[in-house]
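See below for the structure under consideration.
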Protein chains: 2
Amino acid sequence: MALPRQTSSPVKPRVKRPTLKDVAGHAGVSLSTASLVFSGRGPVSPATADKVRAAAAALSYAGPDPLASSLRHGRAGTVAVVVEGRLTLAFSDPFALSVLDGLATELDTIPAGLLLLARVAGDDERLLTQLAAAAYDAVAFPLCAPKDDPAVDFLAGRGIPMIGAGAPVDPRILHVEVDERGLSAAMARHVTQLGHSRIGHVTLPMGAAAQARILCPADLDQANYPDARERAYGVLDVAPQARIVEAPDPGVSAGEAAARLLLDAPPDRRPTAIVAQSDLLAAGVIRAAREVGLRVPEDLSVTGVDGLDLPWLDQVLTTVVQDGFAKGRMLGSMIADAMAGRTVRPRPFPTALRIGTTTGPAPAG
Amino acid sequence: MALPRQTSSPVKPRVKRPTLKDVAGHAGVSLSTASLVFSGRGPVSPATADKVRAAAAALSYAGPDPLASSLRHGRAGTVAVVVEGRLTLAFSDPFALSVLDGLATELDTIPAGLLLLARVAGDDERLLTQLAAAAYDAVAFPLCAPKDDPAVDFLAGRGIPMIGAGAPVDPRILHVEVDERGLSAAMARHVTQLGHSRIGHVTLPMGAAAQARILCPADLDQANYPDARERAYGVLDVAPQARIVEAPDPGVSAGEAAARLLLDAPPDRRPTAIVAQSDLLAAGVIRAAREVGLRVPEDLSVTGVDGLDLPWLDQVLTTVVQDGFAKGRMLGSMIADAMAGRTVRPRPFPTALRIGTTTGPAPAG
DNA sequence: GATACTAGTCGAAACGATTCGACCGACACG
DNA sequence: CGTGTCGGTCGAATCGTTTCGACTAGTATC
């Protein structure tokens with residue numbers, strides 16, 4: 001006799017754990033009373049409470065099943081955090097890490113767990129599957145909210161609140177608002193005021209480019225990541241002639257490779273100032289400059305964004321300082337508000353210019 | 001008339017979303033058939049399937065509720081990952097990040113989400129609360145399994161499989177086994193063979209020390225983190241006279257501070273070789289050496305562990321190379337096995353010695 | 001001593017899905 | 001024409017909690 005149907009999988013059913021019902025039975029009380037003991041909600045006499053706790057201990061019952069509990073409550077107790085690309089890359093930037101840290105800190109007080117999801121450019125399907133399979137009460141896009149992502153439609157359909165940081169991109173995502181365009185323009189203005197006119201700009205990744213590449217202004221419209229786009233626009237606002245290069249990832253070497261595209265030019269066409277979209281990229285720019293024998297800031301001025309503490313850099317970057325930890329906390333508290341059903345409105349996030357030792361007057365000539 | 005009881009919280013009940021039942025009703029089929037359409041499990045005629053999908057679209061039903069689905073299936077679809085300390089610190093080490101990345105990659109294939117939990121030394125309660133509240137099918141201790149943690153008892157009671165990396169610490173945690181003691185001994189042997197006899201050792205944090213401090217061998221017994229302890233033992237196996245200093249965190253500056261405790265000594269008592277427990281710490285040691293005017297490796301040999309790519313270091317570290325990504329993947333596949341009910345046995349993880357430019361013969365005299 | 005109230009307990013109805021077994025008609029076969 | 005098989009559908013039970021309303025006894029109030 002053949003098997004009626006291939007049984008779905010050879011999964012050994014996890015050994016049966018005791019349930020609240022077992023505990024209640026063992027303690028001689030009703031299921032509901034036992035529940036009250038664990039949730040600590042209703043009035044229970046000390047005597048029964050002890051009985052129930054004793055029964056739990058006897059059966060080694062470790063507390064209510066979070067899944068069942070969540071189903072009943074209608075909240076998962078978890079917040080999904082979507083990061084861009086491979087984890088290694090996404091968090092190689094200490095700034096990203098500090099935002100995540102702030103977010104985690106704030107979520108701790110709700111309390112809510114932190115579900116990490118990666119969004120790899122070009123593979124929308126994967127994120128969507130993960131979003132459909134997992135349980136969470138809200139979603140954070142802590143680094144950069146994506147443009148035209150089907151995930152956003154999906155989440156909106158589910159009624160899940162979404163909180164992002166940076167340049168607003170979709171009305172359904174609430175934002176910790178940073179004036180990306182403005183801060184970038186401020187950096188560009190700083191170097192033009194120092195007399196620079198040949199200006200280069202190194203952007204964060206805008207899509208899924210595998211290597212550094214030169215962009216023309218028209219390319220910016222198709223950028224997937226609004227923050228990178230806005231910062232580029234900011235530079236163009238002040239220096240329309242700026243040459244733009246996109247880094248393939250947020251790492252130092254990517255910045256170096258991108259900078260080389262700008263610096264591999266005859267001296268009279270080479271930029272005398274490079275505005276980078278992050279401190280890590282700026283560090284790469286400085287490395288590239290040294291390799292081709294340029295001094296910073298005498299021959300080349302370099303600026304970043306973030307205000308990282310980079311002890312291995314023997315200079316102080318001119319940069320736009322933003323407190324990543326505070327940004328993460330702000331994200332977290334907006335999520336808390338959304339989860340509590342309070343109305344949340346976008347909040348501005350402050351940044352400050354810091355003049356360091358990597359910018360100086362444009363070289364004569 | 002007074003309120004009977006303070007209502008628990010002013011939570012506006014999330015707007016009612018359609019359920020599978022609504023969809024079934026709208027499509028004129030039974031609940032079970034509708035379920036079959038979404039799970040794709042049973043035989044359903046194309047016509048009915050279309051009807052159901054149309055109804056779903058009409059009601060903007062975004063698929064089965066993951067919580068309910070998980071409850072029924074008995075699996076959360078999530079793996080908890082416990083990291084040590086603040087996220088910023090835990091992942092400031094690229095090695096930790098690559099392990100996490102490998103783990104995430106492997107979990108993707110199960111598929112399972114990744115629930116990030118922080119374990120701050122000294123606050124067991126917090127982790128325990130989080131573990132009790134969240135739903136997950138397994139727990140990974142990717143960096144270092146803790147010693148005597150109540151969380152381990154709790155999880156064992158729940159019957160949750162636990163997978164760790166590094167030195168085994170509790171029989172209930174399955175391990176990706178690394179011969180921590182052996183690799184550390186190998187490094188110590190390397191420098192002794194080069195003629196060094198005054199050897200210093202910089203360890204990763206063993207507890208919740210706020211700053212770098214000198215340890216005596218007896219202190220090691222109380223170490224919270226077995227990996228750090230085993231590595232220290234490994235050094236002592238070869239060089240019992242080694243002076244040991246504990247870094248307060250895994251960062252470069254911590255290594256620097258720790259090294260200073262060793263190097264602030266008269267030249268004839270100063271170590272001529274420092275074995276550090278990680279590359280990041282070793283980088284700190286090198287920084288400290290430069291500050292006090294010592295050349296590496298002429299005056300001081302330095303070794304690390306991990307085999308990181310540190311482009312900002314202008315030397316090649318002598319170190320023990322381990323592939324963090326592969327380690328993470330191994331963790332992930334063991335977790336997959338455990339979740340599938342297959343028996344999992346500990347697996348050894350290979351490491352390899354790499355001789356770089358930071359070690360050399362002991363200085364004469 | 002009747003009435004109102006409270007603390008403590010319990011039964012039953014959700015929460016939103018999955019899945020097993022039963023059922024029904026259509027079709028093939030001897 | 002009866003029997004067996006199978007594709008397609010459905011009802012009902014189940015997963016493990018939480019919580020609402022009802023019920024009982026005991027105490028306080030007049």
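Atoms considered below: every heavy atom in the structure, side chains included; atoms not considered: hydrogens, waters and symmetry mates. Chain identifiers are assigned alphabetically (A, B, ...) following the order of the sequence lines, protein sequences preceding nucleic acid strands; residue numbering begins at 1 within each chain. None of the values given here were measured: they were computed from a predicted structure.
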Side-chain contact check for Leu20(B): nearest option of dA17(C), dT9(D), dC10(C) is dA17(C)

Do the charged groups of Asp65(B) and Arg17(B) touch, with an N to O distance under 4.0 Å?
-> no

Could you check how far CZ of Arg72(B) sits from P of dC15(D), rounded to whole Å?
-> 7 Å

Whole-Å distance separating the CZ atom of Arg75(B) from the P atom of dT19(C) | 12 Å

Among dT18(D), dC10(D), dG8(D), which nucleotide sits nearest the side chain of Pro43(B)?
-> dG8(D)

Quickly work out the Lys21(B) NZ to dT18(C) P distance and round it to whole Å.
-> 15 Å

Whole-Å distance, Lys51(B) NZ to dG8(D) C1', equals 12 Å

Arg347(A) side chain to Leu331(A) main-chain N or O, any donor-acceptor pair under 3.5 Å?
-> no

When the ring centroid of Phe38(B) is compared with that of Tyr61(B), is the distance short of 6.0 Å?
-> yes

What is the distance from CG of Leu31(B) to P of dG16(C), rounded to the nearest Å?
-> 12 Å

Give the nucleotide from the list dT19(D), dA12(D), dG16(C) with an atom nearest to the side chain of Ser35(A).
-> dT19(D)

Can you tell me how far C1' of dG16(C) sits from NZ of Lys16(B), to the nearest Å?
-> 9 Å

Side chain of Pro64(A) (C-beta onward), nearest among dT19(C), dT18(D), dG11(D) = dT18(D)

Of the nucleotides dG7(D), dT19(C), dT18(D), which one has an atom closest to the side chain of Arg41(B)?
-> dT19(C)

Do any side-chain nitrogens or oxygens of Ser39(A) fall under 4.0 Å of OP1 or OP2 in dT17(D)?
-> no

When the distance from CG of Leu67(A) to C1' of dG16(C) is rounded to whole Å, what number comes out?
-> 13 Å

May I have the distance from Arg17(B) (atom CZ) to dC15(C) (atom P), rounded to whole angstrom?
-> 16 Å

To the side chain of Leu71(A), which of dT19(C), dG16(D), dT9(C) is closest?
-> dG16(D)

Using the side chain to side chain contact (heavy atoms under 4.5 Å, CB included) rule, take Val139(B) and Tyr136(B) through it: C-alpha gap first, then chi angles, then the decisive distance, then the call.
-> CA-CA 7 Å; Val139(B) 173; Tyr136(B) 43 84; 3.7 Å; yes

Does Tyr61(B) make a side-chain N or O approach to OP1 or OP2 of dG16(C) shorter than 4.0 Å?
-> no

The side chain of Ser45(B) lies closest to which of these nucleotides: dA12(D), dT9(D), dT18(D)?
-> dT9(D)

Among dT17(D), dC10(D), dG16(C), the one nearest any side-chain atom of Thr19(B) is dG16(C)

Between Ser30(A) and dT9(C), is there a side-chain N or O to OP1/OP2 distance below 4.0 Å?
-> no

Under 3.5 Å, is there a donor-acceptor pair linking the side chains of Ser32(A) and Ser35(A)?
-> no

